[in-house]
Amino acid sequence: MLTRSGVIRKPSKETLFFLFVGTLTLSVYTTYKGFYGIFVALMHARLEEQEITGWALPYFWMPSAEALRAGFYPYSLGNFFKYINEWAPVMCGWFVANFFFSLYVYGIAIILRRLWVDIEALPFPYAQTWLIGQLIREETNGSKYKIFMTTLIVMFIFMLPFTIIVLYPPFPDIYGWLKNPLFFAWSPGTYDLTDAFPFIASTIVSPICLQTNPLYYALCLLAPLDILFSGMIGWLVLKMILPQVLYYFGYYSGALKTDFWGKAWMVPRGEPLKLNAFGGMGLFPGVVIFNILLNWRYFADAFKYAFKGGDVELSKEYRVGFLFIVISLIVLIPFLIASNLTIASAIVLLWVTFIASVGFARGHVYASLGPTCDSGEISAGWFYPLYGTHIEPGKETAEQLMSLFMANRFVASSDDALGRTYSPICFMLDSFKIAKMAGMKSIDVVKAMIVASVIGAALTPLINIVGWHYFGLMIIPASKEWNFMHVGQATVYNAAPAPWPWWPHALAGFITAAVLSFLRLRYVWWPLDPMGLALVTFGWNFGWWDTGPMLAICWVIKYIILKVGGRRLYEEYTIPAIIGIYTGFGLGVLLVSIAGIVRFFLPY
């Protein structure tokens, strides 16, 4: 609006591009789970459960309980310097973990760029936000601008009640998202149908939710029709119909007498389907592995260009990718060994990081969303060759506690829209697509993200820790989470992804991924995609997020849009409307944040 009205000068394409990429990269480290959420969760291990789990945390992951308590209350900045000998190694340790895990997946992203951006030409739904840059520079027609501004304003108004509640808490919770116990507070707009209606709880075996947040519907409308269709079919067959039929054959005993959480734990882990294993340890890694196998010539060429030369630009690009991977491994393996892992468990953790980051990135750039998990659905099983199928409760080793914590909550957790470690690969791939749309070079993306990553990984811990001491950690109105080291304990490991034996279910999922991947490659008309099934078969997509109903609704809406108005209606009108919803939601959240700062910190 400001550029179109002449209030400010129209920025250059290069300025907008680097601002977009830099901001996107910094968000990896500055968002809730970038540093704060994970760190305060680990504090519980040191403060309250030192003898149970905290003893396994190295000094460069977490300082002493005394140093932590010294920053609980306002105006304690002097205590930060008092314990600087403890905080300095902690900040260095978190920089190493954050930056070099990012560098590791950046290398993978660089190698995948040409395959996913140029050859497969995946849709990259999030890259469509570059429309904002085009609108600022007036490179699009006026109708797109009008549609974009209309939905932006509508969504911004939709978000205003949350700002009012922050400033004036007695204001009614109009949507029920914050105060109605049937909405999950950590997943805005997700409504628990199971507990809301007793007849649903007493007749339907699986847990059911309904999404009321328009942002998520907008997100799903950017997904291809085959992904939406596959997710809908997977939800109907694997979650709704099969468990219901199996219940009447004696399985899932008690499911009709328990609440949402009982169903959410029982059905994906219970016999005979064990969907967490089918999806998390079979289907999900199968999507990654068979994408590599079906494109083996591409990866063979990547090695050839990197180590034998050839096309100058491609050789340079692949060499940078492999160099990033090598440098990160040189740093991360000793770091992980110092973090109480062995060489073997460090290698397994890096393999889990590869599978998780590539798998979720594939979902991000192709399906517009990925599976969600936080309890070892896609990670714990890979450690079975090291730790066995069962750990004795109370006898966990430091290696087990640290490796499983990192696997489940640091490198392969996605209980948010994006996880902490694989969001860098998603954002780099998005930026590569935007670079192509904007006429920029891929090397510009790499340079900008490396610089922003160094800044973000270095300053985020420092700013957070200093801020806690000045404002008082216990006074800051933000969640203090729970002890994430619990995911390294036997109670979680022994049921992740499901009680043993689950290898036949994982094998079935792997074979399903292989068959569907082949059929997608062989027959253009084949409608089922393995990634679509992965969106609904395990983790919290099966539970409290319950993407199935949302995917079904969006499939119907998008099918009608394409049938009635074709590609023109979708690209010229629907996409600008969706990007406007995104932007309005983001501005609404920004206003809520500003209101929070005014209420809680000004004056301080």
- Item | L341 backbone acceptor or donor facing S345 side chain under 3.5 Å | no
- Determine yes or no for a side-chain-to-main-chain donor-acceptor pair under 3.5 angstrom, with D546 supplying the side chain and C209 the backbone. yes
Show the atom names and distances, to 0.1 Å, of all donor-acceptor pairs under 3.5 Å that link a side chain in residues 273-285 to residues at least two apart or in another chain.
unit_1 : atom_1 : unit_2 : atom_2 : d
K274   : NZ     : E271   : OE2    : 3.1
K274   : NZ     : P499   : O      : 2.7
K274   : NZ     : P501   : O      : 2.7
N276   : OD1    : G539   : N      : 3.1
N276   : ND2    : P497   : O      : 3.3

- Without swapping roles, check the side chain of Y104 against the backbone of L350 for a donor-acceptor pair under 3.5 Å. yes
- Message: Using ring centroids (six-membered ring only for Trp), state whether W235 and F229 fall under 6.0 Å.
- Response: no
Show which side-chain atoms of residues 241-252 pair as donor or acceptor with protein atoms under 3.5 Å away, not counting sequence neighbours.
unit_1 : atom_1 : unit_2 : atom_2 : d
Q244   : OE1    : V205   : N      : 3.0
Q244   : NE2    : T203   : O      : 2.5

- Query: Does W116 have R114 sitting over its ring (NZ/CZ under 6.0 Å from centre, angle to axis within 45°)?
  - Reply: no
- Query: Parallel, tilted or perpendicular: which describes the rings of F303 and F322, with under 30° parallel and over 60° perpendicular?
  - Reply: tilted
- Query: With ring centroids as reference points, do F260 and F184 lie under 6.0 angstrom apart?
  - Reply: yes
- Query: Does R362 make a cation-pi contact with Y366, if we ask for NZ or CZ under 6.0 Å from the ring centre and within 45° of the axis?
  - Reply: yes
- Query: When the aromatic ring centroids of W482 and F484 are compared, is their separation below 6.0 Å?
  - Reply: yes
- Message: Using ring centroids (six-membered ring only for Trp), state whether W502 and Y384 fall under 6.0 Å.
- Response: yes
- Task: Please find out if less than 6.0 Å separates the ring center of W351 from that of F354.
- Result: yes
- Task: Sequence neighbours left out, what pairs pass salt bridge (Lys or Arg N to Asp or Glu O under 4.0 Å) with at least one residue falling in residues 519-528?
- Result: D226-R520, R520-D529
- Verify the ring-centre separation between F290 and F510: is it less than 6.0 angstrom? yes
- Hey, does the side chain of T258 reach the backbone of A255 with a donor-acceptor pair shorter than 3.5 angstrom? no
- Item | Sub-6.0 Å ring centroid separation between F324 and F100 | no
- Main-chain N/O of T129 paired with Y582 side-chain donor or acceptor, under 3.5 Å: no
